[in-house]
Amino acid sequence: MPLRFFNTYSRKLEDFTPRDAKNRKIDIYTCGPTVYSRAHIGNFRAYIFEDLLQRHLEARGFKIHRVMNITDVDDKTIRGAREAKVPLQKFTQQFKDAFFEDAEKLRIKRADDYPAATDQRYIEKMISMISALIAKGLAYQADDKSVYFRINKFPNYGKLAHFDLTELRSTGRVKHDEYDKEHIGDFALWKAWDEEDGDVKWDSPWGPGRPGWHIECSAMATALLGDQIDIHCGGVDNIFPHHEAEIAQSEGVTGKQFVRMWLHCAHLLVDGQKMSKSLGNFYTIPDVLAKGYTGREIRYALIRVNYRTQLNFTWDGMKEARESLGRIDDWLQRLREVAGDKKGNPKIDIQLGHEFEEALDDDLNISAALGFLFETIRDTNRAMDQNKLDAKTAVAWLNWWDQINKVLDFESDGAELPEEVAKLAEARAQARLAKDFRKSDELRDKLNALGWEARDTKDGQKITRRAGA
RNA sequence: GGCGGGGUAGCCAAGUGGUAAGGCUGCGGUCUGCAAAACCGCUAUUCGCGGGUUCGAUUCCCGCCCCCGCCUCCA
């Protein structure tokens, strides 16, 4: 089956081939965080989806160049900096740091570039793009000194979101500068400075001001990836207006198709409602870590449902993630024991099936891919129970795991036995030798309380960590 | 009102025009000093509701109901 994805633009599953298919290069642009507060786990669901996309394409032999922007100037960052009485740069830096810290916890691979909207280089690019749009009649400066995109001059405006502009109406959530704009749907390319902006301003041919939100992505994407890019990702809430505006700006300037494949991630819900900052119903990564869960458990919980399906975040879901990972951990431990000293031999290989990667080829069908993994786990566990799995086959499965784990990144970091745990375990082993089961059961309870589990097997006592990294 | 996504067992969730993957939970069994893990078995005659097409539909078509999202802050 060919690689295929659901393209938001056509609303269809489409076979995907990159522009540079010969060299197997793919350019991906992903909308990153606005650093006005700590990102929540709903935001990270989108970044994990993008991570899965990148890793699967890499597993398929593509060379990925991924860019993720950092929006470090907009209404909210300016307001936040004002309220905190610190310079904008200082205000946003703390949330940039937090973003990278959280992303690392979730094992999200770093993008190749993290351009920031306030970088002088991109400000200049934005200004030159806006100038080009004005020259083409696609933008105008209004009486309020701001520059707006003239959507009536761009016939494709609305194609991505499938909106009929005559139907476009305000929800009244945002104040409109209706007196100044030609059309209610015209969006700001350059926002003229006003007092509330304080010292946040850049010079431009239209006077001091700052970029509109949408133009930064058009500028940074084309600056780093060229006029055309293969895949552009984001959350569904970015479809309109943000990505619609990006198309208008970029194609308005270049005259070329901006993006070949638009992929959008559905929202993370909590209590059946969208998780969002404005509703206040959100959790951050530290919030979930504080409940005793680990980054990889959060990763599992957020990755396990197809990106186009809304996913309801629950603590039961976190529990399920923990138990499922535990099943994988135990399976790997058993395989390693069977593999013995042959483990790590990459030359051993057998026919193992390709359902995992084929499922991911189909619009990242992670549920089917994980289904195959768990079927494999049951089959090989059964074989090991019956002593029918030889060391060579165990090694082959471990090698297979190494491959799919490059995509999943689920493997436990392993944990050193703390001295206290090791002592309790040793005491328990002695008690069992002496058949002092009362004492050994007490020690087992103590180990459990510390998050470790004692299992008695025919090869003696085994200590495993039940939860965590 | 317009535009999307979705309604599959207690929960989460794949899936196909031919009779329902997988995970979690629960119950019974094998194993065990007892457990745990693992394995075996049981847990949807049925896929929101009503029609239609078909030899046959959860899967295609029509209508309806419900949930969530977007309609210029949003991943």
Side-chain angles (χ1 to χ4, degrees), chain A residues 6 8 11 30-34 36 39-50 74-76 79 158 161-171 173-176 184-188 213-214 233-242 244-245 264-269 272-279 300-301 304-312 314 316-317 319-327 329-331 333-334 355 359 365-375 377-378 381-386 432 435 437-438 440-441 444 448 453-458 462 464 466:
Chain A
F6 187 86
T8 307
R11 311 272 178 186
T30 52
C31 281
T34 300
Y36 71 104
H40 58 64
I41 57 176
N43 302 126
F44 279 104
R45 185 201 183 186
Y47 307 140
I48 284 180
F49 139 65
E50 290 151 2
D74 80 320
D75 292 351
K76 283 178 289 195
R79 195 194 316 135
H162 293 213
F163 284 161
D164 178 352
L165 291 176
T166 61
E167 298 283 331
L168 198 64
R169 67 185 201 191
S170 170
T171 55
R173 291 192 303 183
V174 173
K175 89 171 177 198
H176 290 287
I184 188 175
D186 288 353
F187 57 88
W213 172 39
H214 314 301
C233 306
V236 287
D237 48 2
N238 279 158
I239 296 171
F240 194 89
H242 187 235
E244 196 71 63
H264 290 96
C265 180
H267 282 129
L268 186 67
L269 309 180
Q273 300 287 124
K274 180 174 86 163
M275 182 177 290
S276 76
K277 299 270 176 67
S278 48
L279 292 172
Y300 186 98
R304 61 185 243 278
V305 173
N306 178 262
Y307 72 95
R308 286 197 293 127
T309 302
Q310 289 170 336
L311 169 61
N312 200 17
T314 61
D316 278 350
K319 180 94 183 341
E320 183 185 326
R322 165 166 294 177
E323 296 304 323
S324 303
L325 286 170
R327 186 163 164 77
D329 294 344
D330 290 343
W331 173 66
Q333 192 182 349
R334 276 187 90 178
E355 284 93 328
N365 188 341
I366 187 72
S367 298
L370 291 176
F372 179 67
L373 168 62
F374 284 109
E375 281 176 38
I377 289 175
R378 178 158 37 73
N381 272 336
R382 186 192 299 127
M384 286 189 278
D385 276 2
Q386 298 168 349
R432 275 178 51 75
K435 301 228 183 279
F437 294 122
R438 232 189 94 173
S440 79
D441 288 351
R444 181 165 62 198
N448 283 345
E453 191 168 69
R455 294 178 187 166
D456 303 312
T457 72
K458 62 182 188 303
K462 298 236 164 81
T464 29
R466 274 325 292 162

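Chain naming here is simple, since letters A, B, ... match the order of the sequence lines and numbering starts at 1 in each.
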Which whole number of Å gives the distance between the C1' atom of B:U19 and that of B:G56?
-> 9 Å

Answer yes or no: is there a side-chain heavy-atom contact under 4.5 Å between A:L325 and A:R322?
-> no

Whole-Å P distance, B:C47 and B:A36 | 37 Å

B:U45 to B:A20 separation - C1' atoms, rounded to the nearest Å = 11 Å

Under 4.5 Å between any side-chain heavy atoms of A:K462 and A:Q333, yes or no?
-> yes

Hey, does A:N381 reach any base, or is it just sugar-phosphate, or nothing, if we go heavy atoms under 4.0 Å?
-> sugar-phosphate

Closest non-hydrogen contact found for A:Y47 with A:G32 is OH-C, 3.4 Å

Candidate nucleotides B:A13, B:A38, B:G69, ranked by approach to the side chain of A:V236 - the nearest | B:G69

Ignoring backbone atoms, establish whether A:R382 has a side-chain N or O less than 4.0 Å from OP1 or OP2 of B:U30.
-> no

Mind checking A:S278 for me? I need base, sugar-phosphate or nothing, with any heavy atom below 4.0 Å counting as a touch.
-> base

Taking atom C1' in both B:C68 and B:C27, compute the distance separating them and give it to the nearest angstrom.
-> 35 Å

Considering all heavy atoms of both residues, which atom of A:S324 and which atom of A:Y300 are nearest to each other, and what is their separation?
-> CB-OH, 3.5 Å

Residue matched to B:A14 through Watson-Crick or wobble contacts both under 3.5 angstrom | none

Pairwise P distance for B:G4 and B:A9, with rounding to whole Å | 27 Å

Grab the CG-C1' distance between A:L269 and B:C67 for me, whole Å please.
-> 10 Å

With heavy atoms under 4.0 Å as the rule, sort A:I239 into base, sugar-phosphate or nothing.
-> nothing

Can you tell me the Watson-Crick or wobble partner of B:A38, both distances under 3.5 angstrom?
-> B:U30

Indicate, with a heavy-atom threshold strictly under 4.0 Å, whether A:L268 touches base, sugar-phosphate, or nothing.
-> base

When you check the phosphate oxygens OP1 and OP2 of B:U32, does a side-chain N or O of A:K458 lie under 4.0 Å from one of them?
-> no

Does a distance-only test, which skips hydrogens and angles, find a donor-acceptor pair under 3.5 Å between the side chain of A:N312 and the base of B:C68?
-> no

Plane angle bin for A:F163 and A:F240 - parallel if under 30°, tilted between 30 and 60°, otherwise perpendicular | perpendicular

Here the distance between atom P of B:G29 and atom CG of A:D385, to the nearest Å, is 18 Å

Whole-Å distance separating the CZ atom of A:F240 from the P atom of B:C70 | 13 Å

Any strand is fair game: report the nucleotide pairing with B:G69 by Watson-Crick or G-U wobble, both distances under 3.5 Å, or none.
-> B:C3

Identify whether any heavy atom of A:H242 sits under 4.0 Å from a base atom; if not, whether one sits that close to sugar-phosphate; answer base, sugar-phosphate or nothing.
-> nothing

Quote, to the nearest angstrom, the C1' distance that separates B:U32 from B:C42.
-> 23 Å

Closest non-hydrogen atom pair between A:C265 and A:A46, with its separation = SG-CA, 3.8 Å

Kindly say if A:R455 contacts the phosphate of B:U32, meaning a side-chain N or O under 4.0 Å from OP1 or OP2.
-> no

Report the distance from atom CD of A:E244 to atom C1' of B:G2, rounded to the nearest whole Å.
-> 14 Å

Looking for any heavy atom pair under 4.0 Å, which part of the strands does A:M384 touch: base, sugar-phosphate only, or nothing?
-> nothing

Does a nitrogen or oxygen in the side chain of A:Q273 sit under 4.0 Å from OP1 or OP2 of B:C68?
-> yes

Phosphate OP1/OP2 of B:G22: any A:R378 side-chain N/O under 4.0 Å = yes

Scan A:D330 against the nucleic acid and name what it touches under 4.0 Å (heavy atoms): base, sugar-phosphate only, or nothing.
-> sugar-phosphate

If you measure from the P atom in B:U25 to the same atom in B:C65, how many Å do you get, rounded?
-> 39 Å

To the nearest angstrom, the CZ-P distance between A:F163 and B:G4 comes to 10 Å

Which nucleotide in the set B:C34, B:G23, B:G4 lies at the smallest distance from any side-chain heavy atom of A:R11?
-> B:G4

Counting any heavy atom closer than 4.0 Å, what does A:H162 reach on the DNA or RNA strands: base, sugar-phosphate only, or nothing?
-> sugar-phosphate

A:D456 side chain, from C-beta outward: closest of B:G23, B:A21, B:G33 | B:G33

With a non-hydrogen cut-off below 4.0 angstrom, is A:G42 in contact with a base, only sugar-phosphate, or nothing?
-> base

Atom-to-atom span, CD of A:E375 to C1' of B:G23 - whole angstrom | 11 Å

What nucleic acid atoms does A:A454 come within less than 4.0 Å of, heavy atoms only: base, sugar-phosphate, or nothing?
-> base

Sticking with atom C1', work out how far B:G7 lies from B:G48, rounded to a whole angstrom.
-> 6 Å

Going by modelled atom types, is there a donor-acceptor pair between the base of B:G69 and the side chain of A:D237 at under 3.5 Å?
-> no

Any A:N365 side-chain N or O less than 4.0 Å from OP1/OP2 of B:G15 = yes

Would you please confirm or rule out a distance under 4.0 Å between OP1 or OP2 of B:G23 and any side-chain N or O of A:R327?
-> yes

Under a 3.5 Å cut-off for both distances, is B:U45 Watson-Crick or wobble paired, and to whom?
-> none

Whole angstrom is fine here: how far is it from CD in A:E323 over to C1' in B:G23?
-> 11 Å

Indicate yes or no for a side-chain donor-acceptor contact from A:R45 to the backbone of A:G235 under 3.5 Å, with no hydrogens or angles considered.
-> no

Less than 4.0 Å between a side-chain N and a carboxylate O, is that true for A:D385 and A:R334?
-> yes

Which nucleotide in the set B:C39, B:C3, B:C34 lies at the smallest distance from any side-chain heavy atom of A:R444?
-> B:C34

Does any N or O in the side chain of A:E50 come within less than 3.5 Å of the main-chain N or O of A:T30, such that one atom is a donor and the other an acceptor?
-> no

Would you tell me if any nitrogen or oxygen in the side chain of A:T309 comes within less than 4.0 Å of OP1 or OP2 on B:A14?
-> yes

A:A368 side chain, from C-beta outward: closest of B:G69, B:A14, B:A36 | B:A14

Residues A:D441, A:R444: salt bridge by 4.0 Å N-O rule | yes

B:G69 base to A:Q310 side chain: any donor-acceptor pair below 3.5 Å?
-> no

Specify the separation, in whole Å, of atom CG of A:N448 and atom C1' of B:A36.
-> 9 Å

What nucleic acid atoms does A:R432 come within less than 4.0 Å of, heavy atoms only: base, sugar-phosphate, or nothing?
-> base

Along RNA chain B (nearest heavy atom to each residue), the more 5'-positioned of A:L279 and A:F437 = A:F437

